[in-house]
Amino acid sequence: MTATKKKPTKAHHKPAKARTVKPRRHRLHVPPGGASVTFSPTAMSQAMVDRLFWRAGFGPSANDRANWTGKPLDDAVDSLLNTPQGALLGAEPSNTGKPLDPTGNDTDLVLAWVDRMVRTPNPLVERMTFFWHRHWANSRVSVSPTQLLMNQNALLRKYSDLAANPDVSFRDMALEVSKDPSMLRYLNGESNVKGGPNENYGREFMELFTLGVNHVITGAKNYTENDVAQLAKSFTGWYIDDKDPANAKALFDSGRWFNGPKSVFGKLGNYNTDSVVDLVLGQDGHAPYLVNKLWGEFMPTPPPTATLQKLSADYVASGRKIKPLLRSILTDPQLFESIDEPNMIKPPIVFVSGAMRAMGLGITSTGPADYLDSMGQVPYFPPTVAGWEGGLSWLNTNTALARFGFIGDVIGNAPNGSPAKVADVPNETPQAAFDRAFGAVGAPWMSAGTRAAIQDYAGRASVKSSKDRIARQVMLRTLMLAGPDAQVM
Amino acid sequence: MNRTTRSLCLAVGALAFGAPTAMACVNVGVYQDQPAKTLPALQKVAGKNVKTVSTYLTVGHALDPKLVTLAKKNGVKLLISWLPDAGQDSAKAPGYRLSAIAAGKFDADLKALGKQIKALPHGAIVRPMPDANTPWYAWSGTVNGNRPGDYAKAWKHVRKVLIKAAGAKKVRLLWSVYARSVPDAKNNALSVYFPGAKQVDLVGADAYNFGNAQGLTWTAPADLFVPAYGTIQKLAKKPFWISETGSTARGGDEGAWIGALGQLGKTMPKLSGVVWYDVKDSTGDFRVPRKGAAASAFKAFVHGACK
């Protein structure tokens, strides 16, 4: 056998002896539009930081953006969950120069809570407290003295400050709320007695607080009218001692309790408040109902069924703890859907508190409470026991105008010394005016169309006088904080 | 050690070892169509620290002597994007598939390039086959009969030949992808193209703020680069280059955008270089701003850069 030299099978590219010089001009290709910012859990984009801090708080601060852009989502969520509320920041609130008097008038009661939202170092605590207020909705209209509601507010905060109380469960909360003086008064638990049961709390406990009428996944009925009647009997026995309103207590009187067999969900037992709460929370419909409701606080579209089932199973396995469930929801990729086009309407309380935080303002007048009323959401005054409807219902011709009016009022009528006070800058170009306004209101998200329209306004507005220039600046800031894009998060 | 020698050492050091340690300066570079003509004017306006010149070299062609002169006489560092194709961006060029590169079809050219680099006082950074996770080039993983997995083989071959020709001290290889994969598909993910930490000296990504145009929206630097940075740093904790970027002024505050670019080192601690696309083309006006607040912002950015 003779070895033959193999011919190369590949033609090699041979450069010319003297390679030519031909400078190449580099030109760009435009990537497809759409989601220009993708979900990146290991290194959050600024858009993700903004989304997280709006949904779990009242909007991002410059520090939030600096601290968390580029950092893992898990770390940011853990920070929110593990940072105690601590002392409130900034100046104490006042109402036209006087300290707030929450027990003295209802406006101050409302302002005192808005103040917490504006000054809290960890906004998640107040967002969750407000969520529970929407969930276990009690209204000042039916609850007196005021201290009962204030104490309930502190109770709800205990289940929201998950750094201070990491192991709290929904079961513990349901038990405490079922014996809470404010709830006993609001849903007539104090008049629910042996021989004269009042079904209000028993009905709402299942319909609104724990199960829902139908199973969220299967659609099956969760309870019957008989279950309502039997549940009401189980909840009997409680009355309120509010001689000292600040330390009002719920007391159990066995003589008022229906001591006898009750059949709930077809199971016979001599139930009382504790045992019947456990029975209800053990129903298959409870976990998906609560998971779905908590999810809906942060996302406008419901969870996929598989996600709902997993979160429900994890929730039950954890002993119905709140913190791990909340962590799973806040780290879910769906929180960041439509990241370059925010798709959830800000509730009025988030809109107002967020705007005040963005401008560095504190409570100094009744304005926030008054405008919240016009926007349709006054804390401590839910319209029904179901809380506020939310979603698209937040915006109509009246409420949208109120949102615009609030921002315009806060900026346009800011007193001297207020961070919102607008200064005149002579010879300011339209772009410089736009930039100044943008910085002053916390650099909020704006769509391309809105940005262009506002810039167009900046170029068209009259700037002949100091008054004109200030009016332009006020309007720019108002458009940025109250225009269409400022309504979503 | 006098000032000149010290600067030289720093420059060589930066090139040889990539980015210095945390909080180190960032190298600033530009792409210009004719840098020999226009770089001095830019340096006059923006500052002398614009020290890196990015150039695009089609396979089979030699480095422009004017660039070599810039590197030899003006202390300019070269970032050479090596483009194995027929001389224009094309996703249909069967003779230039990744498999051909891996098989050694262009070795002679790589050797010649290596020799040119070896003769440069500070060597060069070479960026072979950039942005392979887009559908725009002959070496892109999803077009031209290529498969994304072919890229790493081609890369390893290019690296071997180039380093042998230029010497490991004179050439640094920058692995650079488009910050957002197009298409955004699992088989086209950034990681699919990564040849291994030992195969790269520097890593990087490209992205632009086209502004509110072309169906895109104004996008902050962090939103352009931080996600890709996170992904890439998980692959290899190497000095990171923003090897192509720029912003138009359409629909936003270009000065603020540049200011934010200058702050990226805080969230991207391995950031080692930024190359600005100093061109007005059909997709937008990306030229370095020469006046107003945006120009001041760019000047401040350059002022804080590596000297």
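First the proteins, then the strands, lettered A, B, ... as listed; each starts at 1.
The part of B:Lys234 that comes within reach of chain A is its side chain, from C-beta onward, which places non-hydrogen atoms under 4.5 angstrom from that chain. For B:Phe225, no part lies under 4.5 angstrom from a heavy atom of chain A. Interface residue B:Tyr56: backbone and side-chain heavy atoms are both found under 4.5 Å from chain A. Contacts of B:Leu63 with chain A are made by backbone atoms alone, with heavy-atom separations under 4.5 Å and no side-chain atom involved. Contact of A:Arg451 with chain B is made through the side chain alone, with heavy-atom distances under 4.5 Å. In this structure, chain A has heavy atoms under 4.5 Å from both the backbone and the side chain of B:Asp253. Neither the backbone nor the side chain of B:Glu254 comes within less than 4.5 Å of any heavy atom of chain A. Heavy atoms closer than 4.5 Å to chain B are found in the backbone of A:Ala66, but not in its side chain. Using a 4.5 Å cut-off between heavy atoms, A:Met446 does not touch chain B at all.
With respect to the salt-bridge test (charged N to carboxylate O, under 4.0 angstrom), the residues A:Asp456 and A:Arg460 qualify. The existence of a salt bridge linking A:Lys310 and A:Asp332 is excluded, since no basic side-chain nitrogen approaches an acidic carboxylate oxygen closer than 4.0 Å. One finds no salt bridge joining A:Asp64 and A:Arg357 here, because no Lys/Arg side-chain nitrogen approaches an Asp/Glu carboxylate oxygen to under 4.0 Å.
Comparing A:Arg25, A:Lys22, A:Gln455, A:His26 by how many heavy-atom pairs each has under 4.5 Å with chain B, the most go to A:His26. Per-residue counts of heavy-atom pairs under 4.5 Å with chain B were compared for A:Arg65, A:Met44, A:Gln431, A:Arg27; the largest is that of A:Arg27. By number of non-hydrogen pairs under 4.5 angstrom with chain A, the leading residue of B:Ala222, B:Ala256, B:Gly252, B:Ala228 is B:Gly252. Of the listed residues (A:Val49, A:Thr69, A:Asn67), the one with the most heavy-atom contacts under 4.5 Å to chain B is A:Thr69.
Residues B:Glu244 and B:Ser54 bring no donor and acceptor atom of their side chains to less than 3.5 Å of each other.
Residue A:Met344 is tested with A:Glu337, A:Gln487, A:Met489 for a side chain to side chain contact (heavy atoms under 4.5 Å, CB included); the sole match is A:Met489. The side chain to side chain contact (heavy atoms under 4.5 Å, CB included) test with A:Ile411 is passed by exactly one of A:Met359, A:Lys421, A:Gln473: A:Met359.
Counting heavy-atom neighbours within 6.0 Å of B:Lys280 NZ, excluding the residue itself, gives a total of 12 or less.
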Query - side-chain contact (heavy atoms from CB on, under 4.5 Å) between B:Thr248 and B:Phe286, intermediate numbers included - result: CA-CA 5 Å; B:Thr248 69; B:Phe286 292 89; 3.6 Å; yes
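Qualifying ring-ring contact (aromatic ring centres under 6.0 Å, His included) partners for B:Trp136, counting only residues two or more places apart in sequence or in other chains: A:His29, B:Tyr178. The side chain to side chain donor-acceptor pair (under 3.5 Å) check on B:Ser181 picks up B:Asn133, with sequence neighbours excluded.
For residues 86-95 of chain B, a heavy-atom distance under 4.5 Å to chain A picks out B:Gly87, B:Gln88, B:Asp89, given by residue number.
Note on residues 428-447 of chain A: pairs passing salt bridge (charged side-chain N to carboxylate O under 4.0 Å, His left out), not counting sequence neighbours, are A:Glu428-A:Arg436.
By the 30° and 60° cut-offs, the orientation of the rings of B:Tyr208 relative to B:Phe210 is tilted.
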